[in-house]
Amino acid sequence: MAQYFSEENSVEAFVSRMTDDVDPRFKLIMSTVTKHVHDIIKEIEITPDEWERAIDFLTRTGQKCSAERQEYILLSDVLGVSMLVDAVNNRRPPNATENTVLGPFHVAGAPELAMGTNISLDGIGESCHFRGRVLDTDGKPIRDARIDVWSDNAEGFYDVQQPGIQPKWNNRGIFVTGEDGAYDFVGIKPVSYPVPVDGPVGDMLTGMGRHPYRPAHTHVIVTASGCQKLVTHIFVGDDPYIDSDTVFGVKQSLIGDFVKVDEDAVVWRCEFDFVLAPVE
Ligand code: BEZ
Ligand code: FE
């Protein structure tokens with residue numbers, strides 16, 4: 001006898017429609033996602049009105065997307081999903097530097113600069129000397145590691161958010177280590193800033209009583225031959241949002257030590273070593 005769809009067998013009814021030749025991973029993803037969605041509807045007995053609002057939210061999220069704006073990634077970020085995908089895919093040895101969220105403001109092809117270069121082209125912000133080493137998990141320096149850095153200026157905007165206002169490549173650069181694995185450059189002590197809130201994700205945050213801020217951070221991608229790619233931040237520990245990052249990106253080990261030095265033109269110093277895990 002045919003098994004028609006019912007509340008009790010909804011998941012089995014859905015799964016049984018997929019044919020045997022379906023890609024096994026795709027089948028697993030569709031079955032599992034559907035099981036959880038059906039469970040949500042049964043558990044909290046979603047009303048038609050609530051479901052309509054959910055569809056409207058997703059519709060507006062899609063409509064907000066453009067070549068410059070990815071509202072779905074932002075949604076994934078504020079739900080903690082981006083951090084979770086990152087966590088399950090980057091289980092590292094305990095002494096390796098941890099990953100965190102990439103975010104939307106990385107731009108490939110930043111200029112490769114000599115060590116010590118000042119990347120704050122607009123001079124807006126308190127200058128900060130960043131230095132440290134790139135090491136392997138045995139503590140040996142890694143040569144030819146590429147350190148790609150970017151941050152906002154002290155007004156809370158990335159260069160790409162203010163074309164024509166900030167100079168191109170403001171607060172960005174790539175540094176390549178020598179034999180000693182050392183790096184250093186001058187940037188600014190970054191400041192906290194809100195994620196974009198003029199779309200449905202902003203409305204959702206407001207609805208949940210959440211603020212949209214990310215605590216101050218400098219982004220870094222470190223790559224080296226034979227090592228896992230490190231996508232991370234150095235966070236400013238005394239930032240008011242350090243315990244409530246709207247995208248859940250903070251990890252204790254990524255909080256940098258920003259020390260006030262007031263040496264020549266440099267106000268702050270942050271020493272931070274990056275420890276890369278070997279490729280498995
Ligand atoms: C960022 O840190 O650049 C960022 C991350 C997630 C969402 C928005 C911005
Ligand atoms: Fe950022």
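Atoms within a ligand are numbered from 1 in the order they appear, just like the ligands themselves.
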Pairs involving residues 160-188, ordered by first then second residue, that meet salt bridge (Lys or Arg N to Asp or Glu O under 4.0 Å) (sequence neighbours left out) | Arg143-Glu179, Asp159-Arg172
Donor on one side chain, acceptor on other, Asp203 and Thr206, under 3.5 Å | no
Quick one: list whatever passes ring-ring contact (aromatic ring centres under 6.0 Å, His included) with Phe248, sequence neighbours left out.
-> none
Side chain to side chain contact (heavy atoms under 4.5 Å, CB included) against Ala216, all qualifying residues, sequence neighbours excluded | Pro190, Val236, Asp239
Using the Fe ion (ligand 2) as the apex, give the angle to atoms OH (Tyr193) and NE2 (His219), rounded to 10 degrees.
-> 170°
Metal site angle (apex the Fe ion (ligand 2)), OH from Tyr158 and NE2 from His217, 10 degrees | 100°
Under-4.0 Å salt bridge between Asp23 and Lys27 | no
Is there a salt bridge (charged side-chain N to carboxylate O under 4.0 Å, His left out) between Arg131 and Asp273 once you walk through the steps?
-> CA-CA 8 Å; Arg131 73 179 180 199; Asp273 290 343; over 6 Å; no
Give the protein residues with at least one non-hydrogen atom closer than 4.0 Å to an atom of ligand 1, ordered by chain and number.
-> Asp77, Gly103, Pro104, Phe105, Tyr158, Tyr193, Val195, Arg214, His217, His219, Val247
Identified side-chain contact (heavy atoms from CB on, under 4.5 Å) counterpart of Ile147 within the set Ile174, Thr177, Leu230 | Thr177
